[in-house]
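Before any comments, here is the structure.
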Amino acid sequence: MRVNMTTKEVVTGEAPEKYAGLAGRALTSNFVNDEVKPTCHPLGKNNKLIFAPGLLSGTSASQSGRLSVGAKSPLTGTIKESNTGGTFSQKMAKMGIKALVIEGMPEEDKFYVLKIDMNGVTIEDAPAEILGGCGNYEALKVLSAKYGAKVGIALAGPAGEYRLPTANISFKDPEGNIRSAGRGGLGAVLGSKKVKALVIDDTGAPGVTLAKPEEFRAAAKAFAKALTTHPVTGQALPAYGTDVLVNILNEAGGLPAKNFTAGRIGWNDKISGETMNATITERGGDGKVSHGCHAGCIIRCSQWYPDKDGKYVTSGFEYETVWALGADACIQDLDDIAYIDRAMDDVGVDAIDVSVAVATAMEGGLLPWGDGKATLEAIKQIAIPTPLGRIIGGGTAIVGKVCGLFRTPVVKDQAIPAYDPRAIKGIGLTYATTPMGADHTSGYCIATNILKVGGYVDPLKKEGQVELSRNLQIATAAVDSTGMCLFIAFAILDIPEGFNALVDMINARYGLSLTADDVTALGKSILKAERAFNAAAGFTNAHDRLPEFFEYEPCPPHNAVWDFTPEEIDEVFNF
């Protein structure tokens with residue numbers, strides 16, 4: 001489905017033959033490489049935004065509810081695939097929609113809602129009450145009341161309306177809370193198209209057909225068993241969420257603290273996953289220790305975090321946000337961090353980039369170190385937006401420039417996430433080389449460097465890191481094409497039956513006979529398409545580098561530095 005916002009025309013037709021075997025990230029990245037002018041301004045008329053469910057979306061397979069969104073990023077200037085939970089992906093797949101493309105931009109200064117159902121796409125005026133700074137939580141209520149409680153919703157928050165480079169696209173989850181296609185500023189692209197929201201109603205959808213139903217069910221059962229028996233996906237994540245990593249990374253000396261000046265903090269117990277679990281359990285009320293971001297999730301690494309009265313504050317309260325605010329910005333009150341997390345969801349910004357921007361702003365003197373109340377007010381100002389709101393909403397790279405800093409933790413202008421590359425060298429190679437800008441999920445070397453999943457490579461040594469980052473980036477690109485949650489990687493890296501079951505499910509869904517080698521080939525082809533786009537946009541190997549201060553500032557407690565040569569870094573994509 002193609003929606004032209006200049007002409008207001010909608011064209012629905014069969015997907016091009018060359019995209020027949022592609023879905024999720026494979027489809028979004030190949031499409032962007034094929035159709036988006038690499039040198040275009042990301043907020044101009046020549047950028048295109050594409051939504052694509054994965055190969056297994058809409059099936060009964062566990063963890064298969066993820067959606068890929070692709071465009072040229074306003075934050076990085078590179079190609080971007082951003083990934084989200086919620087209900088949107090499964091509804092698209094059940095309706096037989098392989099991809100939805102938004103192109104062009106209106107001449108008139110007004111916002112629209114795209115309503116997608118079995119009759120096609122209609123373009124409607126956006127309700128006035130959800131515009132001009134209205135928060136996402138209120139906008140979801142208004143749209144759900146108008147279009148029905150069970151519709152899927154994708155939304156540009158106030159940050160997207162103002163086209164700020166950290167703006168995300170917010171998605172309604174099964175309980176009406178917020179999940180995000182967070183990184184790269186794709187909410188600003190949606191805002192530039194003057195689309196406030198997409199509403200999808202799958203009433204009357206035919207559902208997904210399986211070429212070999214019995215084989216699919218058997219494979220799905222084996223796959224689910226691998227997830228529930230692995231200690232990370234079956235025990236740690238359901239009990240403590242992703243925030244289980246605070247104590248683990250702190251012990252490893254790789255938890256970036258006070259704007260990446262150290263790798264360990266002394267107040268880790270105040271913000272850890274164990275403390276979050278205990279707090280939710282003690283407060284009761286609306287709190288839930290374990291919760292899924294989409295139907296069919298059995299890992300359930302999310303949660304509902306309540307206030308002291310047991311009232312719901314935020315969900316999807318992730319390690320990345322807790323780390324960036326709690327360790328990097330030195331805010332030691334978990335409740336303060338929860339309210340800031342909710343505010344970021346409400347204004348619609350990437351919680352990683354904006355939280356790291358907060359720590360950078362503290363170093364630059366715009367905010368006081370460790371001040372949760374001042375940070376909350378600054379985030380709320382993004383919805384107005386005040387100059388401070390615009391600066392913080394501009395992201396870490398903008399804050400560094402405004403404050404005249406050289407210690408700005410970004411790659412390709414995207415904030416570095418929650419693992420110090422000096423102490424965990426594999427993830428540093430991923431940050432440097434992924435086509436997406438600094439992104440831990442592109443090749444999650446923490447699995448093998450720290451958690452010893454899929455083997456072990458010493459995080460403080462250079463040996464084996466190039467191969468580790470390369471192999472994980474290839475595998476991740478393929479997984480992002482299946483519609484699967486990335487956390488399945490823990491189980492499929494350690495349990496061969498789990499990986500085989502994943503391939504078997506794809507084969508049974510489509511009547512194919514793919515092998516493990518085909519999965520690897522798919523991952524490689526995606527990365528090559530993404531790198532081709534970036535090269536045409538003007539990016540070279542010189543952009544695949546970490547900030548210089550990592551090379552000469554040791555990271556306590558190990559006092560490690562970033563010591564890879566340019567030639568060694570360039571070996572990651574030598575395949």
Side-chain angles (χ1 to χ4, degrees), residues 245-268 271 319-320 323-332 352 355-365 369-370 396-397 399-400 403-412 414-433 438-440 443-446 448-451 456-466 468-469 542-572:
L245 289 164
V246 163
N247 282 336
I248 294 171
L249 269 296
N250 200 57
E251 177 65 26
L255 186 77
K258 202 169 186 184
N259 196 28
F260 287 80
T261 55
R264 189 173 285 167
I265 58 174
W267 59 91
N268 49 296
I271 61 171
Y319 162 67
E320 295 289 335
W323 152 73
L325 296 168
D328 205 38
C330 305
I331 300 169
Q332 298 185 28
I352 297 178
S355 297
V356 178
V358 164
T360 309
M362 288 174 177
E363 177 160 318
W369 277 111
T396 303
V399 171
C403 295
L405 302 178
F406 69 87
R407 301 186 74 269
T408 307
V410 296
V411 178
K412 302 178 183 75
Q414 183 161 277
I416 293 177
Y419 316 91
D420 197 292
R422 293 163 291 188
I424 309 164
K425 295 187 185 295
I427 200 71
L429 288 170
T430 295
Y431 293 158
T433 60
D439 181 354
H440 61 297
Y444 191 65
C445 297
I446 307 307
T448 309
N449 281 161
I450 301 296
L451 303 176
Y456 177 64
V457 177
D458 188 331
L460 290 164
K461 294 179 179 175
K462 293 167 70 171
E463 291 75 22
Q465 307 292 3
V466 167
L468 177 64
S469 178
H543 294 93
D544 291 347
R545 304 291 181 259
L546 295 186
E548 187 186 31
F549 74 89
F550 287 126
E551 298 174 15
Y552 56 76
E553 286 190 17
C555 177
H558 300 296
N559 293 321
V561 294
W562 178 250
D563 52 359
F564 281 91
T565 66
E567 291 76 19
E568 288 169 334
I569 296 170
D570 292 344
E571 277 298 304
V572 172

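These values consider heavy atoms only, across backbone and side chains, with no hydrogens, waters or symmetry-generated copies. The model shown is predicted, which means the values in this text are computed figures rather than measured ones.
Ion pairing between Arg422 and Asp563 fails under the 4.0 Å rule for side-chain N and carboxylate O. Taking 4.0 Å as the cut-off between side-chain N and carboxylate O, Arg407 and Glu553 count as a salt-bridged pair. Ionic pairing of Arg264 and Asp420 is not present here: no N-O contact between side-chain nitrogen and carboxylate oxygen is shorter than 4.0 angstrom.
Glu548 CD: 12 or fewer foreign heavy atoms inside a 6.0 Å radius. The neighbour count for Glu251 CD, taken as heavy atoms of other residues, nucleotides or ligands under 6.0 Å away, does not exceed 12.
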| said: I'd like to know whether Tyr319 forms a ring pair (Phe, Tyr, Trp, His ring centres under 6.0 Å) with Tyr419, so could you lay out the CA-CA distance, the side-chain angles of the two residues, the decisive distance to 0.1 Å, and finally the verdict. | reply: CA-CA 11 Å; Tyr319 162 67; Tyr419 316 91; 5.6 Å; yes
| said: Apply side-chain hydrogen bond (donor to acceptor under 3.5 Å, both in side chains) to residues Asn449 and Gln465 and explain how you reach the verdict. | reply: CA-CA 9 Å; Asn449 281 161; Gln465 307 292 3; 3.2 Å; yes
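Side-chain contact between Ile450 and Ile248 is present, with heavy atoms from C-beta onward closer than 4.5 Å.
The minimum heavy-atom distance between Thr408 and Gly400, with the atom names listed, is OG1-CA, 3.6 Å.
Checked by atom type, the side-chain pair Ser469/Thr430 shows a donor-acceptor distance below 3.5 Å.
In this structure, the separation between NE2 on His440 and CD1 on Ile424 is 12.0 Å, given to the nearest 0.5 Å. Going from atom CD of Gln332 over to atom CG of Asn268 covers 10.5 Å, rounded to the nearest 0.5 Å. Between Asp328 atom CG and Ile265 atom CD1 the span is 10.0 Å, to the nearest 0.5 Å.
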